[in-house]
Q: 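Supplied in structure tokens, the structure appears directly below.
First listed ligand is number 1; within each ligand, the first listed atom is number 1. Please read these numbers as outputs of a predicted model, since none were measured by experiment.
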Amino acid sequence: MTTLMGCIADDFTGATDLAGLLARSGHSVSLRIGVPEGSPNDAAAFEVVALKCRTAPVPDAVAECRAALRWLQEAGSRQIFWKYCSTFDSTAEGNIGPVAEALMNDLGAKQTIYCPAFPENGRSIFMGHLFVGRQPLHESPMKDHPLTPMRDSNLLRLLTPQVTKPVGLVDRLTVERGVAAVRAELAALAAEGVANVVVDAVADADLHVIAEACLDMPLLTGGSAVAMPLPALLQKQAGAAPPTTAHLRPKIDAPSIVLSGSCSAMTRAQVAQYAAHAPHYRLDPLDLAENGISDALNWLMQVPLNEAPMLYATADPKDVGAAQAKLGVAEAGRVVEVAIAELASAAREAGRRRFVIAGGETSGAVTKALGVTRLDIGEEIAPGVPWTYAESGGSLIALTLKSGNFGQPGFFAEAVAKLEAE
Ligand code: ADP
């Protein structure tokens with residue numbers, strides 16, 4: 001099969017979010033963890049390469065993304081989508097802009113759009129300002145993110161220090177006027193040399209207009225939602241028949257485990273809700289740094305296999321700050337990620353096969369430890385969070401990789417129940 005579109009995502013949960021939304025179209029969607037080795041021989045209609053470069057230095061992120069681009073082009077992708085977080089997680093030294101400019105350069109593109117809006121999850125952009133629900137980004141819980149605290153909501157201001165070419169805006173008033181108006185505005189900006197264009201969107205209808213207006217751009221960038229209309233548009237453009245694939249749902253009878261390394265506000269609510277009903281164990285970064293995972297492991301091993309326990313490092317900003325003050329920001333994050341990854345491997349060895357993982361960086365560490373390289377996308381649990389299926393250590397496992405603020409407070413129980421309902 002020739003790939004209709006290739007996608008590069010800057011973290012794992014972002015990649016599963018995008019893959020889940022693309023899979024709503026019924027097309028086959030495959031997610032690769034890291035740039036696959038060798039030539040593509042069993043490519044899906046939509047290929048998503050998941051990297052772990054959200055907080056990587058610019059040269060490393062650019063090199064990885066360019067390698068992903070080459071593999072996707074070999075798989076037949078003519079159009080590329082660069083996916084980052086719908087809260088534009090990055091710092092002034094961030095790589096969202098530099099990667100976009102490098103990909104544009106390789107693709108011979110003169111312009112691209114930046115549209116992290118995800119209305120279904122409360123992310124909207126108006127006059128270049130990103131909102132999380134009713135709050136501007138810099139007043140939302142994202143201001144306290146452990147790795148990428150977002151202290152400005154203006155996407156043009158966030159992007160400008162990251163890029164070399166001019167930054168512009170297609171605002172909501174233009175998007176409201178439809179596809180032709182957006183195209184005309186993009187062309188006018190291109191004539192002025194504006195290569196990096198933030199595009200406002202507050203509702204799904206806006207994303208449809210934007211996707212159609214930009215369908216011929218070799219590179220699109222944004223959150224996952226603006227990519228959602230693309231499968232139907234690309235299929236129509238290619239004159240292909242609509243897909244008939246039903247959602248993938250292999251049977252996996254083995255038990256579940258919940259592992260959370262996300263400290264985002266929604267994850268904190270999810271952890272609190274799940275802890276009220278399930279066996280749970282709190283991972284303390286300072287204790288982990290000193291004594292490793294043995295206490296946590298002993299606890300896990302005495303939980304009966306028919307129960308779905310939760311181990312979590314999830315903590316409020318005050319406790320995160322205290323751990324970071326003692327260990328350093330990077331080391332606190334690393335200690336937790338290593339511990340959760342080791343616990344995931346131990347759980348698989350003990351026979352658990354269904355993994356609910358919360359946190360983007362955390363998910364990256366877990367999939368790596370489980371030796372997973374390809375995920376085939378199944379049914380969504382919450383918008384942007386599907387169950388996925390993979391080979392790990394010779395067994396088929398189910399994994400769901402939830403980005404920090406996704407899902408409702410009951411997400412963990414919903415995820416576990418969805419597979420048990422088979
Ligand atoms: P999200 O998707 O919510 O951004 P991530 O897993 O991407 O979650 O990032 C959370 C980061 O915070 C990870 O590096 C994780 O190891 C780190 N972390 C988790 N718990 C704690 C804690 N209690 N103290 C300090 N850092 C923590």
Side-chain angles (χ1 to χ4, degrees), residues 9-18 50-56 83-91 94 116 118 121 123 132 137 140-150 223-224 258-272 275 280-290 293 296 310-344 355-369 382 384-385 399-407 409 411-412:
D10 70 351
D11 87 338
F12 293 97
T13 49
T16 51
D17 155 22
L18 172 63
L51 301 177
K52 193 177 183 306
C53 63
R54 179 163 298 167
T55 52
K83 153 76 176 76
Y84 38 83
C85 191
S86 61
T87 41
F88 207 75
D89 301 17
S90 61
T91 62
F118 194 159
N121 276 340
R123 302 338 182 231
V132 176
L137 179 65
S140 79
M142 280 305 296
K143 70 182 188 305
D144 299 315
H145 189 278
L147 305 177
T148 49
M150 300 306 291
S224 52
V258 178
L259 293 163
S260 175
S262 156
C263 298
S264 299
M266 182 50 80
T267 308
R268 298 207 301 273
Q270 290 161 339
V271 164
H280 52 96
Y281 185 99
R282 193 175 78 83
L283 299 163
D284 171 10
L286 298 176
D287 181 43
L288 292 172
E290 218 164 288
I293 62 160
M310 169 175 69
L311 293 104
Y312 63 100
T314 306
D316 60 30
K318 189 171 67 58
D319 289 343
V320 171
Q324 290 179 335
K326 284 245 167 67
L327 300 172
V329 175
E331 182 59 9
R334 195 194 65 81
V335 162
V336 170
E337 287 172 34
V338 166
I340 292 183
E342 287 175 358
L343 289 163
F355 297 83
V356 178
I357 314 294
E361 297 295 325
T362 308
S363 295
V366 167
T367 46
K368 194 164 176 202
V385 201
L399 276 162
T400 184
L401 308 174
K402 188 199 78 76
S403 154
N405 282 314
F406 280 22
F411 178 84
F412 294 152

Q: Who's the nearest protein heavy-atom neighbour of atom 8 (O) of ligand 1, and how far?
A: Gly359 CA, 3.4 Å
Q: For ligand 1, note which part of Ala313 has a heavy atom under 4.0 Å away: side chain, backbone, both or neither.
A: both
Q: Flag the pair Thr400 / Val385 as yes when at least one side-chain heavy-atom distance between them is below 4.5 Å, and no otherwise.
A: yes
Q: Of the options Thr13, Thr267, Asp17, which is the one that meets Lys402 in a side-chain hydrogen bond (donor to acceptor under 3.5 Å, both in side chains)?
A: Thr267
Q: Tell me: protein heavy atom nearest atom 10 (C) of ligand 1, and distance?
A: Gly261 O, 3.4 Å
Q: Can a donor-acceptor pair be found, under 3.5 Å and without considering hydrogens, that links the side chain of Lys318 to the backbone of Val320?
A: no
Q: Give the atom numbers and elements of ligand 1 that come within less than 4.0 Å of a heavy atom of Pro146.
A: 12 (O)
Q: Mark up the atoms of ligand 1 that fall under 4.0 Å of a heavy atom belonging to Thr362, in ascending order.
A: 6 (O)
Q: Between Lys402 and ligand 1, is there a nitrogen or oxygen pair with a distance under 3.5 Å?
A: no
Q: Tell me, which protein residue and heavy-atom name are nearest atom 14 (O) of ligand 1, and how many Å apart are they?
A: Glu337 OE2, 2.6 Å
Q: With heavy atoms of Gly360 as the reference, note each atom of ligand 1 found under 4.0 Å away.
A: 1 (P), 2 (O), 5 (P), 6 (O), 7 (O), 8 (O)
Q: Does NZ belonging to Lys143 count more than 12 external heavy atoms closer than 6.0 Å?
A: yes
Q: For a side-chain contact (heavy atoms from CB on, under 4.5 Å) with Leu147, tell me which candidate from Thr91, Asp89, Val329 qualifies.
A: Val329
Q: Which atoms of ligand 1 sit under 4.0 Å from any heavy atom of Pro285?
A: 22 (C), 23 (N), 24 (N)
Q: Regarding ligand 1, does Gly404 bring an N or O atom to under 3.5 Å of one of the ligand's N or O atoms?
A: yes
Q: For Val132, enumerate each residue passing the side-chain contact (heavy atoms from CB on, under 4.5 Å) test, keeping only those at least two apart in sequence or located in another chain.
A: Thr87, Arg123, Leu137, Ser140
Q: With respect to Glu361, determine whether any N or O atom, backbone or side chain, lies less than 3.5 Å from an N or O atom of ligand 1.
A: yes
Q: Closer than 4.0 angstrom: is that true for some heavy atom of Val320 and an atom of ligand 1?
A: yes
Q: Give a yes or no answer on whether the side chain of Arg268 reaches the backbone of Cys263 with a donor-acceptor pair at less than 3.5 Å.
A: yes
Q: Working to the nearest 0.5 angstrom, can you tell me the gap between Phe412 CZ and Leu259 CG?
A: 9.5 Å
Q: Geometry only, no angles: is Ser264 polar-contacting ligand 1 at N/O separations under 3.5 Å?
A: yes
Q: Below 4.0 Å, non-hydrogen atoms only: which portion of His145 touches ligand 1? Side chain, backbone, both or neither.
A: side chain
Q: Nearest heavy atom to atom 26 (N) of ligand 1 wins, so pick from Ala332, Ser260, Gly364.
A: Ala332
Q: Given that the side chain starts at C-beta and the backbone is N, CA, C, O, which of these parts of Ser262 lies under 4.0 Å from ligand 1, counting heavy atoms, or is it both or neither?
A: both
Q: Okay, side chain of Ser403, backbone of Gly360: is any donor-acceptor separation there less than 3.5 Å?
A: no
Q: Within the side chain of Ser262, is there an N or O that forms a donor-acceptor pair under 3.5 Å with the backbone of Ser260?
A: no
Q: Numbering the atoms of ligand 1 from 1, which are under 4.0 Å from a heavy atom of Ala315?
A: 23 (N)
Q: Can you list everything that forms a side-chain contact (heavy atoms from CB on, under 4.5 Å) with Ala296? Sequence neighbours excluded, please.
A: Tyr281, Leu283, Leu311, Leu343
Q: Report yes if the distance between the aromatic ring centroids of Phe406 and Phe118 is under 6.0 Å, otherwise no.
A: yes
Q: Does the N or O separation between Gly333 and ligand 1 drop below 3.5 Å for any pair?
A: yes
Q: Looking only at protein heavy atoms, which one is nearest to atom 21 (C) of ligand 1, and what is the separation?
A: Cys263 SG, 3.6 Å
